[in-house]
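So that the names make sense, note that chain A is the first sequence line, chain B the second, and so on, each numbered from 1.
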Amino acid sequence: MPQPIEDPSRILRTRFEAAITAAFPEIPGPVDPVITPSRQPRFGDFQCNAAMSLAKQLGKSPREVAAAIAARVDLADVAEPLTDASIAGPGFINITLRGEALAASVMAMDSPGTLSDLGVTRDENPTTVVVDLCGVNLAKSMHVGHVRSTVIPDAIARTLERLGHRVIRQSHVGDWGLPIAMVTTRLMDELQAGRVLAESVTLDRLERLYRSAQAECERDLKGLEAVRRHGLGPKIEAEVQAQVETATEKFAGARETLLRLQSHDPATVRTWRLIYDVTMDACLKTCARLHANVTAEHTAGESSYAEELGPLVEDLLARGIAEPDQGAIVVRAEGLEVPCLVRKSDGGFLYATTDLAAIRRRVRSLGASRIIYGVDIRQSLHFRQVFAAAVKAGYAALPGGGVARLEHAAFGTVLGSDGTPFKTRSGDTAKLSDLLEEAVARARRVVDERSASLHEEQRALIAEAVGIAAIKYMDLSTDRTKDYVFDFDRMLAFEGNTGPYLLYALVRTRSIFRKAAEEGKDGGWRGSTIVIGEPAEKSLALTLLRYGQVVESVAETLEPHRLCAYLIELAAAFGLFFDQCKVIHAPDDTTRRSRLRLCDLTGRVLADGLETLGIPTVDRM
RNA sequence: GUGCCCGUAGCUCAACUGGAUAGAGCGCUGCCCUCCGAAGGCAGAGGUUGCAGGUUCGACUCCUGCCGGGCACGCCA
């Protein structure tokens, strides 16, 4: 009786590696046997693609090499014997699993209490990973772009957690600097004048104040110059002159506010704190509704680095890492055409300075050996600069030697149907909370129509999950670096490559147990023997077994769309199985139990995958 | 001007990091519910992977040059 096999491709890899070493001892070091699932059933279940590249090194013909490997490999317990026909094309070795071995593998991934956990292997050397996400700004509500900066890194964080790593989420909130000082100044004025009450400040109100504060600090110097150059008359010149003077005053006021904030002036800090609380309260609520794991404890705003920036630049200067340039301080690093600016000529700091401080803290205090930034792709140059500067400064150096992995998980822009960045009909940036509301409302209409028999409360819960799943799946399912078009109709289509389709597949895996119970046929399947007979069963089994490696590949590439594509494939394989293999009315008890177990396992992999992506699930819909 | 990214079916996107005849969904055509949820399944049509070279057993993938589009480029964050 063969030992339980967790994952055929892992077993095959070991076996083929051994065979290659045995056949060609002259090759130094371990060789990747290049085992992949076969794309087409007629090429078997798996294939070994190592012969072609080895042939080159060895100066032999690829088919000869393949034959030598095939002759040495020991597959008796897992696969059908290899024959001449197994070697195909330029040297592919096609492998067909034995039915019992395939079933044993599926049972192994479905055995609680062993190392097998749906086929996901926890990393033996868990690492501490910081995931930078969300990135909201004070006095601004979340917009479409924040779907991406929240959902993508949250999915990455969940994936790493699923693999056993220690993940620390960090929301690098824009809560400091001159723009924040401007709105703080403005709010203090409003409060003082009694035009607004502290208890009733809303984020909408803050957003309006933010805009007007920025506008009034904006000096129209170009306008003034134009007026003078073209001699538009003393009246216009006086008006523009007055604007510039007022703006200069306001600007100076904001600078003073920033200084008072930095020196912890109680009244100023109290107002700043009010802005902070109102903003974060609203944003964290939106994160919660998005089913994203972002809470107050993950917040590490720019303000928390404020005290470190001066000493940090001094440190860089003292060690010759940074140098003065035209009055400013810059870090030049190899491979960087543009130096990284860390202090302005007026003595102010920049966001690169804060990001450097953040890397230092994350590596030295939080113990991160990997830092992942879920930030807009337009900032890739910025991160290249900051990463290079951090490495040069030694801020990314790990205690045991080596350097922390610094990665920018960049994402593209959310576009409207016209191909330009997504806006509302009126041309404003669309608020995220409104978009979530509309997605849920649209889902609700469909649920009311199709699931009229369910209770009102159930329908509301289902619509919530379906709407959120639709938005999140849409965001996660394509290559994150590309732009995508935001389209309610497509994401809520409930068919094809969508979140709702996945939820539907999950619901079907579960509803069959309710139906089976009604007929008194739901017993005895737990721990029963899985039998793989029908092609649809085989296809489902092979798909199930890929789960663990897909999760690993997401952790490595930081590309959640791979998991999305996999889950759709799994749902499709289940759909075919469900269509072609009677479960409750299977020909015999053994088959029925085996199929019930496959339904249960499929449901748990779907649910686990969705949870790993951060997509909410439902039991029925 | 310099640098980065992207051009794949009518549309929206994949392609396991160089593997076999480039796959899904939408839309289109035709089937499958007295039978476990048809929000489903099956089949068909649809491609010179922007263009031209190169590297090699093998290229959507790597290299070079064009064409077309997007983005970013030290004193904003």
Side-chain angles (χ1 to χ4, degrees), chain A residues 34 36-40 42-43 47 49 52-53 55-56 61-63 88-92 94 135 137 174 176-180 302 325-331 337-346 348-352 354 376-382 384-385 410 412-413 419 446-447 450-451 466 474 477-479 481-485 487 489-490 493-498 500-501 503-505 507-508 511-516 518-519 521 536 546 549-550 553 556-557 561-562 564-566 568-569 571-572 574-586 595 599 620-621:
Chain A
V34 200
T36 65
S38 297
R39 275 192 194 254
Q40 297 175 58
R42 69 192 179 90
F43 295 139
Q47 54 184 264
N49 299 339
M52 287 79 81
S53 57
K56 187 163 196 177
S61 95
R63 291 189 69 103
F92 299 106
N94 293 331
N137 294 297
W176 205 244
L178 213 46
I180 305 302
E302 293 177 340
D325 185 354
Q326 300 171 35
I329 306 295
V330 302
V331 177
E337 51 289 349
V338 199
C340 181
L341 192 61
V342 294
R343 196 170 78 192
K344 298 190 283 181
S345 51
D346 69 359
F349 303 108
L350 299 105
Y351 70 141
T354 313
D376 196 300
I377 195 167
R378 285 171 295 191
Q379 298 201 25
S380 24
L381 175 60
H382 164 71
R384 279 180 54 218
Q385 294 176 312
T413 307
V446 181
V447 173
R450 302 199 197 219
S451 310
V466 168
M474 168 91 118
S477 60
T478 61
D479 180 346
T481 62
K482 294 187 177 176
D483 299 347
Y484 76 88
V485 176
D487 181 346
D489 290 332
R490 191 149 45 83
F494 300 91
E495 53 206 16
N497 191 10
T498 65
Y501 171 81
L503 295 190
Y504 178 68
V507 161
R508 286 203 297 174
S511 67
I512 200 157
F513 285 91
R514 286 194 289 269
K515 184 75 179 178
E518 283 172 21
E519 300 188 22
K521 290 184 171 175
R546 282 167 41 210
Q549 288 194 358
V550 171
S553 81
E556 185 53 34
T557 61
H561 80 272
R562 291 164 182 264
C564 292
Y566 167 79
I568 287 291
E569 263 185 74
F574 179 74
L576 181 60
F577 163 79
F578 194 77
D579 195 62
Q580 303 195 340
C581 301
K582 291 276 170 270
V583 177
I584 297 173
H585 306 115
R595 288 178 178 171
C599 288
R620 57 175 74 201
M621 61 193 280

Could you state the atom-to-atom distance from [atom1] of [X] to [atom2] of [N] in whole Å?
| X | N | atom1 | atom2 | answer |
| --- | --- | --- | --- | --- |
| A:N497 | B:C26 | CG | P | 10 Å |
| A:D487 | B:C13 | CG | P | 10 Å |
| A:M52 | B:G18 | CE | C1' | 10 Å |
| A:D483 | B:U12 | CG | P | 13 Å |
| A:D479 | B:U61 | CG | C1' | 13 Å |
| A:D489 | B:C11 | CG | P | 19 Å |
| A:I512 | B:C35 | CD1 | P | 15 Å |
| A:R562 | B:U17 | CZ | P | 8 Å |

Contact class for [X] vs. all strands (heavy atom < 4.0 Å): base, sugar-phosphate, or nothing?
| X | result |
| --- | --- |
| A:A88 | base |
| A:A565 | nothing |
| A:R343 | nothing |
| A:C564 | nothing |
| A:K582 | base |
| A:R546 | nothing |
| A:Q47 | base |
| A:F513 | nothing |
| A:T557 | base |
| A:P339 | base |
| A:R63 | nothing |
| A:H561 | sugar-phosphate |
| A:S345 | base |
| A:Q385 | nothing |

Roughly how many Å apart are [M] and [N], using the [atom1] atom of each and rounding to a whole number?
| N | M | atom1 | result |
| --- | --- | --- | --- |
| B:G68 | B:G30 | C1' | 39 Å |
| B:G47 | B:A22 | P | 12 Å |
| B:G44 | B:A59 | C1' | 30 Å |
| B:U56 | B:A9 | P | 30 Å |
| B:G46 | B:G10 | P | 11 Å |
| B:U61 | B:G7 | C1' | 14 Å |
| B:U48 | B:C33 | C1' | 43 Å |
| B:U49 | B:G23 | P | 13 Å |

Query raised in the report: Start at the 5' end of RNA chain B and walk down; is the nucleotide closest to A:E302 or to A:F92 reached first?
Result: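 Closest to the 5' end, via its nearest nucleotide, is A:F92.
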Query raised in the report: Closest nucleotide of RNA chain B for A:H382 versus for A:R514: which of these residues is on the 5' side?
Result: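 The residue whose closest nucleotide sits nearer the 5' end is A:R514.
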**Report entry** Base of B:C4 paired with side chain of A:S380 (donor-acceptor, under 3.5 Å)
**Finding:**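 In this structure, the two groups form no donor-acceptor pair.
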Query - Side-chain donor/acceptor contact of A:N94 with base of B:A20 under 3.5 Å - result: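 Donor-acceptor pair under 3.5 Å: yes.
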Return the nearest nucleotide to the side chain of [X]; candidates are [options].
| X | options | answer |
| --- | --- | --- |
| A:P90 | B:C57, B:U21, B:C16 | B:C57 |
| A:R378 | B:G3, B:G37, B:C71 | B:C71 |
| A:V507 | B:A14, B:C75, B:G37 | B:G37 |

Pairing partner (Watson-Crick or G-U wobble, both distances under 3.5 angstrom) of [N]:
| N | value |
| --- | --- |
| B:C4 | B:G70 |
| B:G23 | B:C13 |
| B:G53 | B:C63 |
| B:C31 | B:G41 |

Requested in this report: Report yes or no: is the cationic atom of A:R508 (NZ for Lys, CZ for Arg) under 6.0 Å from the centre of the six-membered ring of A:F574, at an angle within 45° of the ring normal?
Outcome: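 No.
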Query raised in the report: Below 4.0 angstrom from OP1 or OP2 of B:C26, is there any side-chain N or O of A:R490?
Result: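 No, A:R490 has no side-chain N/O under 4.0 Å of OP1/OP2 on B:C26.
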Query raised in the report: For A:K482 and B:U12, is the shortest distance between a side-chain N/O and OP1 or OP2 below 4.0 Å?
Result: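 For B:U12, neither OP1 nor OP2 has a side-chain N or O of A:K482 closer than 4.0 Å.
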Query raised in the report: Should A:R562 and A:E556 be marked as a salt bridge (charged side-chain N to carboxylate O under 4.0 Å, His left out) after you check the CA-CA gap, both sets of side-chain angles, and the distance that decides it?
Result: CA-CA 11 Å; A:R562 291 164 182 264; A:E556 185 53 34; over 6 Å; no
Requested in this report: Sort out for me which residue in A:R343, A:E302, A:K344 forms a side-chain contact (heavy atoms from CB on, under 4.5 Å) with A:F349.
Outcome: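 Single side-chain contact (heavy atoms from CB on, under 4.5 Å) partner of A:F349 among A:R343, A:E302, A:K344: A:R343.
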Report task. Syn or anti for B:C6, please, going by whether the chi angle lies within 90° of 0. Result ->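 You should classify B:C6 as anti.
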Query raised in the report: Can you check B:U17 for me, syn or anti if syn means within 90° of 0?
Result: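 With its glycosidic angle within 90° of zero, B:U17 counts as syn.
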Report task. Just do the side chain to side chain contact (heavy atoms under 4.5 Å, CB included) check on A:N94 and A:Q47 with the steps written out, would you? Result -> CA-CA 5 Å; A:N94 293 331; A:Q47 54 184 264; 3.8 Å; yes
Query raised in the report: Where do A:R490 and A:V485 land on the side chain to side chain contact (heavy atoms under 4.5 Å, CB included) test, with the steps shown first?
Result: CA-CA 10 Å; A:R490 191 149 45 83; A:V485 176; 4.3 Å; yes
Query raised in the report: Along nucleotides 39-47 of chain B, 5' to 3', which nucleotides get a B, which get an S, and which get a -, given that the test is a protein heavy-atom distance under 4.0 Å?
Result: BBSS-----
Query raised in the report: Can you name the closest pair of heavy atoms from A:M621 and A:V466 and give their distance?
Result: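 So the minimum-distance heavy-atom pair works out to CE-CG2, 4.2 Å.
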